[in-house]
Amino acid sequence: MFNNELMSDVHFLVGPKGNTQRIPAHKYVLATGSSVFYAMFYGGLAENKCEIEIPDVEPASFLALLRYLYCDEINLEADTVLATLYAAKKYLVPHLARACVSYLETSLTAKNACVLLSQSRLFEEPDLMQRCWEVIDAQAELALSSDGFVDIDYNTLESILQRETLNTKELVLFRAAVSWAAAECARRELEPTAENKRMVLGKALYLIRIPAMALEEYANGAAQSGILTLQETTDIFLFFTACNKPNLNFPTKQRVGLKTQICHRFQSSAYRSNQWRYRGRCDSIQFCVDKRIFIVGFGLYGSSNGSADYTAKIELKRMGKVLAENKTKFFSDGSSNTFQVYFQHPIQIEADTFYTASTILDGAELSYFGQEGLTEITVGCVTFQFQCSSDSTNGTGVQGGQIPELIFYGPSPDS
């Protein structure tokens with residue numbers, strides 16, 4: 001009976017004018033699955049219309065809603081899932097709404113996090129909103145430079161700009177806000193002049209912590225953007241350089257950002273002459289976690305034979321696919337301390353899936369190495385499990401070797 005004229009007793013004209021689709025349905029079927037449809041057809045104020053206009057719902061999403069009511073089937077697609085969530089909310093079909101939210105959570109990335117945050121605020125979905133904030137905080141630079149950022153609503157823009165835990169430079173926030181303002185000018189059919197961009201930003205401009213930028217970033221960026229007034233430009237320069245600092249309308253303290261957490265997988269370290277050497281071989285370990293986290297980088301051991309410079313290629317893979325890699329340098333002072341190396345951006349790590357952490361070091365051959373490795377370690381409220389990797393060709397495993405630390409952003413112990 002789904003989408004079938006046979007025995008249908010109501011028709012819906014779905015979609016905006018000029019793009020409507022006429023969809024047949026059966027009042028009894030709809031009323032048994034939705035209290036809104038029940039009220040519409042059988043309630044005290046029921047209307048006996050044969051055709052009902054629904055201009056605010058997309059046809060594909062309305063059909064997805066009907067398919068669930070008729071067939072108990074949920075078929076969601078990335079392009080229509082938000083519109084389907086809207087339809088499920090409008091007609092009070094909670095199971096379909098939860099399925100939409102679950103789909104959005106699993107498809108959440110830095111590229112769509114800002115748009116989904118805007119939508120989750122609109123739909124009053126606190127769990128989805130929290131997940132969006134986790135991604136935006138940890139991968140702020142990627143989220144703010146995404147295509148979707150310029151499409152968010154003004155209230156969401158304000159909430160992002162005043163966020164204390166964003167993990168990014170203030171210059172990145174400023175550039176993102178200016179890009180949003182240019183898009184807003186286009187939406188209002190205004191010329192994207194500096195004056196108009198400032199106008200559409202309104203009081204949100206004063207949520208950007210311009211005085212917390214480095215002086216060079218300010219001088220080469222915000223100061224020359226035309227967004228600030230001449231008085232503001234001068235006062236901020238004086239704030240950077242003068243002993244007697246002027247009062248500013250902009251926040252002056254840097255954001256707190258996110259605090260990194262470290263998983264130490266060895267209980268001790270050691271060195272022996274002629275033992276741990278680097279000859280272009282790969283040190284690798286597999287790990288999984290019980291909660292979603294973001295890997296920031298690794299802690300590595302350095303030289304056991306005096307100070308030395310190292311070049312390290314670090315890599316993170318999932319099921320053989322490279323998720324991130326970086327070639328970087330670090331200086332080892334010859335102690336048994338670990339030395340932190342980082343990826344360009346934090347990488348999202350899903351729960352209950354094994355990932356492979358690898359490094360290839362080039363520098364002084366003799367190095368410290370870890371001992372008494374643990375198979376399972378809990379850091380705060382995140383539990384790590386380790387197992388040996390077939391990629392490891394230099395001796396690293398669970399019990400001993402290199403990659404002693406995983407550096408990450410994750411849920412705080414009190415969350």
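Quick note: residue numbers are just sequence positions, from 1.
- More than 12 heavy atoms of other residues, nucleotides or ligands shown are found within 6.0 angstrom of NZ on K245.
- When the shell of 6.0 Å around CZ of F331 is examined, it contains more than 12 heavy atoms from other residues, nucleotides or ligands.
- Using a 4.0 Å cut-off between charged nitrogen and carboxylate oxygen, R209 and E170 do not count as a salt-bridge pair.
- Although no hydrogens or angles enter the test, the distance criterion places a donor-acceptor pair under 3.5 Å between the side chain of T233 and the main chain of T229.
- Judged by distance alone, with hydrogens and angles left aside, the side-chain atoms of T20 form no donor-acceptor pair with the main-chain N or O of L13 at under 3.5 Å.
- With values rounded to the nearest 0.5 angstrom, T109 atom OG1 is found 4.0 Å from N112 atom CG.
- With sequence neighbours excluded, the residues satisfying ring pair (Phe, Tyr, Trp, His ring centres under 6.0 Å) with F298 are F343.
- Distance check, rounded to the nearest 0.5 Å: CD1 of I210 to CG of L248 gives 9.5 Å.
- Residue E124 qualifies as open at atom CD: its count of foreign heavy atoms under 6.0 Å is 12 or below.
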* **Evaluation steps, salt bridge (charged side-chain N to carboxylate O under 4.0 Å, His left out), between R67 and D72** => CA-CA 7 Å; R67 180 179 291 279; D72 202 27; over 6 Å; no
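- Identified under the ring pair (Phe, Tyr, Trp, His ring centres under 6.0 Å) test for residues 92-150, with sequence neighbours left out: Y68-H95.
- Between R318 and E350 there is no salt bridge, since no side-chain nitrogen of the basic residue lies less than 4.0 Å from a carboxylate oxygen of the acidic one.
- Remark: R163 engages D137 in a salt bridge, criterion side-chain N to carboxylate O under 4.0 Å.
- Proximity of I152 to I160: side-chain heavy atoms (C-beta onward) are separated by under 4.5 Å at one or more points.
- Side-chain contact between Y310 and D362: absent, with no pair of heavy atoms (C-beta onward) separated by less than 4.5 Å.
- Applying the ring pair (Phe, Tyr, Trp, His ring centres under 6.0 Å) rule to F62 yields the partners F12; only residues at least two apart in sequence or on another chain are considered.
- Under the ring pair (Phe, Tyr, Trp, His ring centres under 6.0 Å) criterion, F408 pairs with F384, not counting sequence neighbours.
- Considering only heavy atoms from C-beta on, E158 comes within 4.5 Å of K203 through its side chain.
- Electrostatic pairing of R98 and D127 does not count as a salt bridge here, judged by no charged N lying under 4.0 Å from a carboxylate O.
- The closest side-chain heavy-atom distance from C263 to F386 is below 4.5 Å.
- Separating the OG atom in S392 from the CG atom in D283 is a distance of 5.5 Å, to the nearest 0.5 Å.
- Taking 4.5 Å as the limit, every side-chain heavy atom of L65 sits out of range of all side-chain heavy atoms of T84.
- Using a 4.0 Å cut-off between a side-chain N of Lys or Arg and a carboxylate O of Asp or Glu, R198 and E195 do not qualify as a salt bridge.
- Interatomic distance, OG of S179 versus CD of E184, reported as 13.5 Å (0.5 Å rounding).
- In this structure, E164 places its CD atom where more than 12 heavy-atom neighbours from other residues, nucleotides or ligands lie under 6.0 Å away.
- Proximity of the aromatic rings of Y301 and F369 is defined here by a centroid distance below 6.0 angstrom, and this criterion is not met.
- Rounded to the nearest 0.5 Å, atoms CD1 (I349) and CG (L406) are 9.0 Å apart.
- Looking at residues two or more places apart in sequence or on another chain, you find no ring pair (Phe, Tyr, Trp, His ring centres under 6.0 Å) involving H345.
- One distance of note links CZ of F287 with CD1 of I403; it measures 9.5 Å at 0.5 Å rounding.
- Heavy-atom neighbours of Q21 CD from other residues, nucleotides or ligands within 6.0 Å: above the threshold of 12.
- Environment of CG in D147: sparse, with no more than 12 heavy atoms of neighbouring residues, nucleotides or ligands closer than 6.0 Å.
- Within 6.0 Å of the NZ atom in K90, the count of heavy atoms belonging to other residues, nucleotides or ligands exceeds 12.
- In this structure, L316 and I295 have side chains that are in contact, with non-hydrogen atoms separated by less than 4.5 Å.
- Residues E125 and K89 form a side-chain contact, since some pair of their non-hydrogen atoms from C-beta on lies under 4.5 Å apart.
- Listed by chain and residue number, nothing satisfies the side chain to side chain donor-acceptor pair (under 3.5 Å) test with Q130 (two or more places apart in sequence, or in another chain).
- S120 places a side-chain N or O within 3.5 Å of a backbone atom of L116 that can act as its donor or acceptor partner.
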* side-chain hydrogen bond (donor to acceptor under 3.5 Å, both in side chains) evaluation trace for S335 with N337 -> CA-CA 5 Å; S335 73; N337 295 332; 3.0 Å; yes
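- S118 and D153 are linked by a side-chain donor-acceptor pair at a separation below 3.5 angstrom, with hydrogens and angles left out of the test.
- Taking the side chain as every heavy atom from C-beta outward, R121 and T156 approach each other to under 4.5 Å.
- A distance-only check finds no donor-acceptor pair linking the side chain of Q371 to the backbone of F266 [under 3.5 Å].
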* Dump the intermediate steps for side-chain hydrogen bond (donor to acceptor under 3.5 Å, both in side chains) on Q286 and S389, then the final yes or no. => CA-CA 5 Å; Q286 285 193 316; S389 167; 5.2 Å; no
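- Annotation for Q387: atom CD counts as buried by contact number, over 12 foreign heavy atoms lying within 6.0 Å.
- In summary, E217 and K169 engage in a salt bridge, as defined by a charged side-chain N under 4.0 Å from a carboxylate O.
- Between F240 and Y218, the gap from one ring centroid to the other is short of 6.0 Å.
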